[in-house]
S.K.: 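I'd like to ask you about the structure that follows.
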Amino acid sequence: MEWAGNDPEFRVKLLRFVDVLPALRTSAAVADHVRQYFRDESPLPVRMGSAMAGAGPFRPVLSRVVRQGVFAMSGRFIAGATPREALPRLRELGRQGTAYTIDLLGEATLSEAEADAYGARYLELMEVLARDSVDSAAPREIRQPNVSLKLSAFTARFEPAAPRATSEAVRRRLLPLLVGARALGIFVNIDMEQFRFKDLSHTIAEDALTTGELRDWDGAGIVVQAYLRSAEDDVRRLRSLAEQRGAPLTIRLVKGAYWDEEVIVAGQEGHPVPVFEAKSATDASYERCSELLAAAYPALRPAFGTHNPRSIAQAMVRCEAAGIPREDIEFQFLFGMAEGLRKAVAGMGYRTRVYVPAGEIIPGMAYLVRRLLENTSNESWFMHRHEEGDAGMALAPPAAAEEVQRSASEAFANHPAAEFHLPGPRREMEAALAAARKRFGSHYPLLINGAEVQTQGEDGVRCPSEPATVMGLVARAGAEQVEQAVEAARAGFPGWRDRTAAERATVLRRAATMLDRRRFDFAATMVFESAKPWREADADVCEAIDYLCYYADEAERLAGGQPLVEPPGETNTCLYEARGVAAVIAPWNFPLAIIAGMSSAALAAGCAAILKPAAQSPVVASMLVRLLQEAGVPGGVAQYLPGPGSETGQALVEHPGVDVIAFTGSNAVGLRIMETAAKVRPGQRNVKRVIAEMGGKNAIIVDDDADLDQAVAGVAASAFGYAGQKCSACSRVIVIGSAYEEFRSRLAAAVESLVVGPSEDPYTFVPPVISAEARGKIESYIDIGLAEGRLVARGPAGEGGHYVTPHVFEGVPVDSRLAREEVFGPVLAMFRAGSFEEALALALDSPFALTGGVFSRNPRHIALARRGFRTGNLYINRGITGAKVGRQPFGGFAMSGAGDKAGGRDYLQQFMFARVITENTVRRGFAG
Ligand code: NAD
């Protein structure tokens with residue numbers, strides 16, 4: 001602990017080691033990890049220990065010593081493994097005149113069964129505490145049992161986009177608990193978690209605390225996090241809740257425990273940072289909130305959770321000025337910390353309360369450590385011996401709330417996802433869905449050379465969630481229209497090619513801006529047309545915007561050519577120039593992003609693009625072509641040509657006037673296109689270039705030391721998000737050795753808890769599949785699983801649309817069709833491996849090489865995977881879907897594709913030829 005306090009690098013290693021320790025099931029595993037984590041640059045005795053770990057006979061001893069060490073350390077921070085074990089520590093606090101609130105540590109809730117277990121643990125806790133409080137000799141306000149709980153643990157699907165449905169799911173377990181607490185005289189405090197859950201948590205708390213039985217209960221409290229920019233509004237909102245109820249609420253004012261995570265997540269998502277970035281701004285916010293709290297008494301009762309002497313002193317002064325009696329004010333401290341300060345505050349006649357974590361010691365310590373890792377400001381845990389510090393410093397006023405100014409960067413950044421945790425974007429999406437419904441039944445003609453072209457035949461597009469509904473009637477291009485479109489494209493091409501890259505880029509950026517403005521209309525269309533759930537549909541729009549911007553940047557970069565060697569008297573120039581007419585043949589599963597990506601690359605490069613969407617998703621593609629034209633792409637340069645693949649698609653591929661085919665879709669169609677395109681036809685000028693991105697059969701390896709909270713959630717999301725209809729989806733999971741049983745049972749429970757439903761409902765996680773035909777095909781693989789393997793789990797069934805029930809199998813032979821072929825639906829096969837090497841061999845035993853994943857905390861295994869897990873995109877310790885433009889250039893090799901990477905630097909050149917021009921500038925020995 002001392003070393004950790006002084007050496008930040010060692011501290012991170014130690015925390016990470018404590019984090020992985022509960023997953024190390026043998027002494028060999030402990031020894032191996034000690035060696036790997038602490039071999040280099042650790043304090044000498046630790047290095048010696050890690051060297052000893054190499055020798056077999058020492059391992060059991062080492063393992064015992066390590067566990068005892070962590071056990072001893074945890075005694076400082078965790079009151080006991082069970083509520084009963086924690087009692088002596090609570091009584092001890094009571095004897096010192098200090099109250100407590102108890103928080104049960106535990107794993108993340110991934111299934112309804114785990115949510116039930118969480119509720120049951122709290123019920124048991126409350127019963128134990130209620131019995132004990134009767135015995136205790138401490139005064140009433142000290143001995144009243146007090147528990148703290150987290151709302152996200154009460155359901156497997158805590159979805160801020162769907163506050164009503166989530167609130168109902170939580171309420172089923174929360175309400176009996178609150179009613180029971182009231183009956184037992186127990187105080188319940190609701191903790192706050194990440195910002196994206198804040199409004200949802202408020203809604204749930206409001207719903208629960210305004211129900212009849214609890215309306216006048218004064219035994220509930222809620223946390224306000226001062227580091228949030230919204231903190232003052234949060235206090236005001238809670239004040240009006242308390243006033244409206246007519247019963248007081250206790251507010252625990254804290255600074256906030258997820259600062260690092262909030263900043264990282266906002267940075268990754270491109271969202272505004274919800275917390276103050278300067279520590280002093282948080283301190284200032286704390287003081288403003290303290291004032292608001294003091295002013296809101298008695299509707300709100302203040303409880304100040306801080307170890308900062310100045311914040312404490314300021315709160316005391318404000319409360320005193322407001323005339324709040326001392327017995328109605330509380331100061332809270334973390335268990336095992338700041339004891340001197342707590343005693344001083346208690347000595348002044350204030351009630352003090354300690355926040356006490358309880359839970360199984362070693363895993364509990366890991367959960368605590370995870371919280372510490374999430375929040376470096378908690379490093380003081382390691383420094384608590386020096387808590388007295390410099391009193392002068394500690395009492396200095398917070399510096400002016402100066403914000404860290406981030407420099408405006410010109411570089412490409414991914415477009416931010418809609419913030420569905422806020423009411424504004426939710427309302428916009430709801431309005432867009434209603435408007436999309438009004439457009440049902442519209443006609444979508446071809447767009448050739450800027451003109452609408454009706455065709456004899458039309459295809460009806462139906463909604464997978466409600467197959468009786470015809471969403472749109474779409475024209476079908478035949479041979480004649482293909483001819484017209486290619487002719488128009490050939491005519492439009494030279495003018496577009498000869499514009500500067502900057503001019504084309506400007507048009508594409510304008511299209512991106514327009515798409516952003518209409519983002520919810522596009523997303524709503526996909527919700528109905530392709531049964532994309534809200535977040536997936538929104539992500540599709542963001543990805544399309546990213547492609548437009550990224551390829552615009554790329555075109556400008558490539559306009560500079562490439563640097564060439566130039567000896568004296570010679571100039572060499574390399575120019576990239578568009579190949580010609582591009583046929584863009586797209587799949588339905590990313591109905592906007594992929595077609596927008598392929599066509600914006602073609603357009604940015606200077607090609608004319610003919611967009612042939614999949615038969616299942618032509619409506620959103622029609623909207624895209626119109627938008628491109630509105631943005632300034634000439635009518636002959638972006639055309640819309642829907643129709644059946646085997647007719648319209650095939651005709652485009654064969655046409656001698658087509659120079660590039662950008663295809664994304666299945667392996668069978670992709671290979672066939674390559675073959676067809678290779679044949680030179682009369683009148684053809686160029687050798688056709690085929691860009692083909694195809695299917696996958698992707699595996700995730702779960703190591704025996706993996707964090708199962710993370711692995712189960714990551715596998716379930718990768719396998720069942722959008723009903724498994726992603727080329728990147730996980731369809732095989734390979735679990736190593738001792739992790740198998742626990743992973744299997746947690747995954748099974750998680751799959752049984754998946755929310756299956758219509759895509760329009762924001763609570764849905766697994767929507768119907770795209771068509772009745774797809775459903776039939778996927779179900780034939782389920783039959784294979786039932787015949788050749790054992791069923792591990794079956795998810796809930798849907799009703800009305802083309803639903804396929806999620807399935808997980810184990811024990812299928814490795815050469816089974818289920819194990820080798822792309823299923824493209826919510827079906828997962830589990831395999832067991834004895835070692836990491838075996839798991840890797842199994843993962844690679846596939847004709848495809850698209851995506852792959854590894855969950856591991858073993859540095860050697862992670863290094864092995866980086867070197868040898870050969871797939872187009874490998875993801876370590878996260879899900880394997882959701883590649884972002886410019887961050888994870890996407891595409892595979894082997895039978896998954898020709899190695900082209902969309903959204904990366906290598907992509908645009910495929911739509912271009914390079915020309916090199918050399919000029920000799922020497923005139924009779926004189927170089928000008
Ligand atoms: P698909 O191959 O059936 O169809 C793709 C496109 O090809 C459609 O527009 C279709 O009309 C057209 N097409 C069909 N036959 C054709 C022919 N003979 N000539 C020319 N065009 C023809 O694929 P899908 O069902 O739309 O999409 C799902 C597949 O796409 C999956 O295999 C998935 O893995 C793959 N996919 C790959 C990626 C990737 O980036 N690697 C991304 C998304 C989807």
Side-chain angles (χ1 to χ4, degrees), residues 459 474 476-477 482 529-530 532 536 540 543 547 583-599 601 610-618 620-621 640-655 658 661-677 688 690-698 722-731 769-771 773-775 777-778 821-825 846-851 871-873 880-883 885 888-904 907:
D459 292 309
V474 180
R476 187 191 310 146
V482 169
E529 184 173 39
S530 308
K532 287 232 145 182
E536 304 271 359
D540 222 79
E543 191 178 338
Y547 282 127
V584 173
I585 301 179
W588 50 265
N589 68 328
F590 288 93
L592 178 63
I594 289 181
I595 200 164
M598 294 192 293
S599 39
I610 301 175
L611 283 74
K612 208 300 282 173
Q616 298 88 338
S617 58
V620 74
Y640 173 62
L641 216 61
S646 53
E647 294 169 30
T648 319
Q650 178 91 13
L652 280 169
V653 172
E654 287 174 357
H655 202 291
V658 168
I661 296 139
F663 167 83
T664 305
S666 63
N667 173 264
V669 174
L671 294 181
R672 180 149 168 215
I673 287 178
M674 289 197 191
E675 205 179 319
T676 311
K688 293 187 194 213
V690 180
I691 302 157
E693 298 176 59
M694 304 182 290
K697 184 72 190 172
N698 314 304
Y722 192 40
Q725 303 170 107
K726 297 183 188 180
C727 48
S728 51
C730 169
S731 67
V769 300
I770 191 74
S771 63
E773 189 195 342
R775 174 185 174 168
K777 183 176 161 222
I778 299 162
E821 295 175 7
E822 186 180 45
V823 178
F824 227 58
S846 164
F848 297 101
L850 189 52
T851 64
T871 56
N873 290 73
I880 64 171
T881 58
V885 174
Q888 291 97 15
F890 186 78
F893 45 89
M895 287 301 124
S896 294
D900 315 311
K901 286 277 191 196
Y907 194 68

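Every number for a ligand or one of its atoms is a count from 1 in the order of the listing.
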S.K.: Give a yes/no on ligand 1: does Ala668 have at least one heavy atom closer than 4.0 angstrom to it?
M.R.: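 For ligand 1, residue contact (heavy atoms, under 4.0 Å) with Ala668 is absent.
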S.K.: When you measure from the side chain of Asp900 to the backbone of Ile691, do you find a donor-acceptor pair of N or O atoms at a distance under 3.5 Å?
M.R.: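 Absent.
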S.K.: Just let me know how Val669 lines up against ligand 1, side chain, backbone, both or neither, with a heavy-atom cut-off below 4.0 Å.
M.R.: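 Under 4.0 Å from ligand 1, Val669 contributes side-chain atoms alone.
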S.K.: Any salt bridge between Lys777 and Glu821, counting N to O under 4.0 Å?
M.R.: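 Salt bridge between Lys777 and Glu821, a charged N being under 4.0 Å from a carboxylate O: no.
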S.K.: Within the structure, does at least one protein heavy atom fall under 4.0 Å of atom 15 (N) of ligand 1?
M.R.: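 Yes, at least one protein heavy atom sits under 4.0 Å from atom 15 (N) of ligand 1.
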S.K.: Students should be able to answer this: which protein heavy-atom is nearest to atom 10 (C) of ligand 1, and at what distance?
M.R.: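 Heavy-atom neighbour on the protein nearest atom 10 (C) of ligand 1: Lys612 NZ, 3.7 Å.
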S.K.: Could you say whether the N/O atoms of Thr664 and ligand 1 ever approach to under 3.5 Å?
M.R.: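 Not met; the criterion fails.
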S.K.: Determine whether the side chain, the backbone, both or neither of Ile673 has a heavy atom under 4.0 Å from any heavy atom of ligand 1.
M.R.: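 The side chain, only.
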S.K.: How far is atom 24 (P) of ligand 1 from the closest protein heavy atom, and which atom is that?
M.R.: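 The answer is Trp588 NE1, 3.5 Å.
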S.K.: What protein heavy atom sits nearest atom 27 (O) of ligand 1, and how far off is it?
M.R.: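 In this structure, atom 27 (O) of ligand 1 has Pro587 CB, 3.3 Å as its nearest protein heavy atom.
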S.K.: Taking the side chain from Ser896 and the backbone from Ala849, do they hold a donor-acceptor pair closer than 3.5 Å?
M.R.: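 Present.
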S.K.: Using side-chain heavy atoms (C-beta onward) and a distance below 4.5 Å, is Pro613 in contact with Trp588?
M.R.: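 They are not in side-chain contact.
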S.K.: Determine whether a donor-acceptor pair (N or O, by modelled atom type, separation under 3.5 Å) exists between the side chain of Gln725 and the backbone of Ile770.
M.R.: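 Yes, Gln725 side chain to Ile770 backbone: donor-acceptor pair under 3.5 Å.
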S.K.: Within ligand 1, which atoms have a heavy atom of Pro613 less than 4.0 Å away?
M.R.: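 Atoms satisfying the 4.0 Å criterion: 9 (O).
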S.K.: Mark yes when over 12 heavy atoms from residues, nucleotides or ligands other than Met674 sit less than 6.0 Å from its CE; otherwise mark no.
M.R.: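 For Met674, atom CE is crowded (more than 12 foreign heavy atoms under 6.0 Å).
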S.K.: Do Gln616 and Glu529 have side chains that approach each other closer than 4.5 Å (heavy atoms only, starting at C-beta)?
M.R.: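 Gln616 vs Glu529: side chains apart.
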S.K.: Which is it for Ile594 and ligand 1 at heavy atoms under 4.0 Å: side chain, backbone, both or neither?
M.R.: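 Side chain only; the backbone of Ile594 stays clear of ligand 1.
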S.K.: Can you list the ligand 1 atoms lying under 4.0 Å from a non-hydrogen atom of Ile585?
M.R.: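 Contacts of ligand 1 toward Ile585, numbered from 1: 6 (C), 7 (O), 9 (O), 12 (C), 21 (N).
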S.K.: With atom 30 (O) of ligand 1 as the reference point, say which of Ala593, Gly665, Gly695 has the nearest heavy atom.
M.R.: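 Among Ala593, Gly665, Gly695, the closest heavy atom to atom 30 (O) of ligand 1 comes from Gly665.
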S.K.: Counting both backbone and side chain atoms, is some N or O of Glu822 under 3.5 Å from an N or O of ligand 1?
M.R.: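 So ligand 1 has an N or O lying under 3.5 Å from an N or O of Glu822.
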S.K.: Can you find a side-chain donor-acceptor pair between Lys901 and Asn873 that sits under 3.5 Å?
M.R.: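 Asn873 and Lys901 do have a side-chain donor-acceptor pair below 3.5 Å.
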S.K.: Using modelled atom types and a 3.5 Å cut-off, is there a donor and acceptor pairing between side-chain atoms of Ser728 and backbone atoms of Thr881?
M.R.: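 No, Ser728 side chain to Thr881 backbone: no donor-acceptor pair under 3.5 Å.
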S.K.: Pick one of side chain, backbone, both or neither for how Met694 approaches ligand 1, counting any non-hydrogen atom pair under 4.0 Å.
M.R.: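 The answer is the backbone of Met694.
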S.K.: In the protein, which heavy atom is nearest to atom 42 (C) of ligand 1, and how far is it?
M.R.: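 Here the nearest protein heavy atom works out to Cys727 SG, 2.9 Å.
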S.K.: Which protein non-hydrogen atom lies closest to atom 17 (C) of ligand 1, naming both residue and atom, and how far is it?
M.R.: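 Answer, as residue, atom name and distance: Gly645 O, 3.4 Å.
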S.K.: Answer yes or no: does an N/O atom from Gln650 fall short of 3.5 Å to an N/O atom of ligand 1?
M.R.: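 N/O-N/O distance under 3.5 Å: yes.
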S.K.: What's the shortest distance from atom 23 (O) of ligand 1 to any protein heavy atom, and which residue and atom give it?
M.R.: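 Of every protein heavy atom, Ser666 N, 3.4 Å lies nearest to atom 23 (O) of ligand 1.
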S.K.: Going by heavy atoms, is Ala586 under 4.0 Å from ligand 1?
M.R.: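 True for this residue.
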S.K.: Would you mind running through ligand 1 and noting each atom that sits below 4.0 Å from a heavy atom of Asn589?
M.R.: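 Close to Asn589: 43 (C), 44 (C).
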S.K.: When you measure from the centre of the six-membered ring of Tyr722, is the NZ or CZ of Lys532 under 6.0 Å away and within 45° of the axis?
M.R.: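 Yes, a cation-pi geometry.
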S.K.: Just so I know, are the side chains of Ile585 and Thr664 near enough to count as touching, which here means a heavy-atom distance under 4.5 Å?
M.R.: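 Not in contact.
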S.K.: Is Asn667 reaching over with its side chain to a backbone N or O of Gly695, donor-acceptor style, under 3.5 angstrom?
M.R.: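 Checked: no pair found.
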S.K.: Taking only heavy atoms of Phe890 into account, list the atoms of ligand 1 that are under 4.0 Å away from them.
M.R.: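 So the answer, numbered in order with elements, is 39 (C), 40 (O).
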S.K.: Please confirm whether the backbone N or O of Phe824 pairs with a side-chain atom of Asn589, one donor and one acceptor, at under 3.5 Å?
M.R.: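 No, the answer is negative, given that no donor and acceptor are paired below the 3.5 Å cut-off.
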